[in-house]
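This report concerns only the one structure given below.
Quantities reported herein were computed from a predicted structural model and do not represent experimental measurements. Values below: all heavy atoms of this structure, side chains included; hydrogens, waters and symmetry mates excluded.
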Amino acid sequence: MSVIYLLITISIIVAVLFLYAFIRAVKQGQFDDSYTPSVRVLFDDELKKEENKIQKQNNA
């Protein structure tokens, strides 16, 4: 039974460490990206055109 208490304690400590790392990364701006969402549509169109060309070449 003491092993369960030990494992629960360790898992809570690890979870708190991951939460701390996540909050720290958010505060430092690690996930801030204001440029990519505005041009993502343009990149998606280019990828679809390339896929269509590849499919047409494979079917021919």
Side-chain angles (χ1 to χ4, degrees):
M1 192 70 165
S2 63
V3 173
I4 292 175
Y5 294 133
L6 179 67
L7 289 175
I8 290 173
T9 305
I10 291 172
S11 65
I12 289 173
I13 290 170
V14 169
V16 169
L17 290 174
F18 278 113
L19 181 63
Y20 171 74
F22 174 73
I23 291 172
R24 185 173 175 196
V26 169
K27 285 185 178 181
Q28 289 181 349
Q30 184 89 20
F31 301 110
D32 293 345
D33 186 12
S34 60
Y35 176 71
T36 303
S38 64
V39 296
R40 185 174 293 151
V41 174
L42 301 174
F43 294 138
D44 287 343
D45 287 343
E46 291 176 4
L47 292 174
K48 288 179 183 178
K49 287 179 184 178
E50 290 177 13
E51 289 176 3
N52 288 338
K53 288 180 183 178
I54 292 171
Q55 288 177 354
K56 287 179 182 179
Q57 289 175 353
N58 290 339
N59 291 337

Atom CZ in Phe22, atom CD in Gln30: separation rounded to 0.5 Å? 10.5 Å
Would you kindly confirm whether Phe18 and Val26 end up in one hydrophobic cluster when ILVMFWY residues are joined by side chain heavy atoms under 4.5 Å apart? no
Non-neighbouring partners of [X] that pass side-chain contact (heavy atoms from CB on, under 4.5 Å), sequence neighbours left out:
X     : answer
Ile12 : Ile8, Val16
Tyr20 : Arg24
Leu19 : Ile23

Other residues, nucleotides, ligands: >12 heavy atoms within 6.0 Å of Tyr5 OH: no
Residue among Ile4, Val3, Thr9 satisfying side chain to side chain contact (heavy atoms under 4.5 Å, CB included) with Leu7: Val3
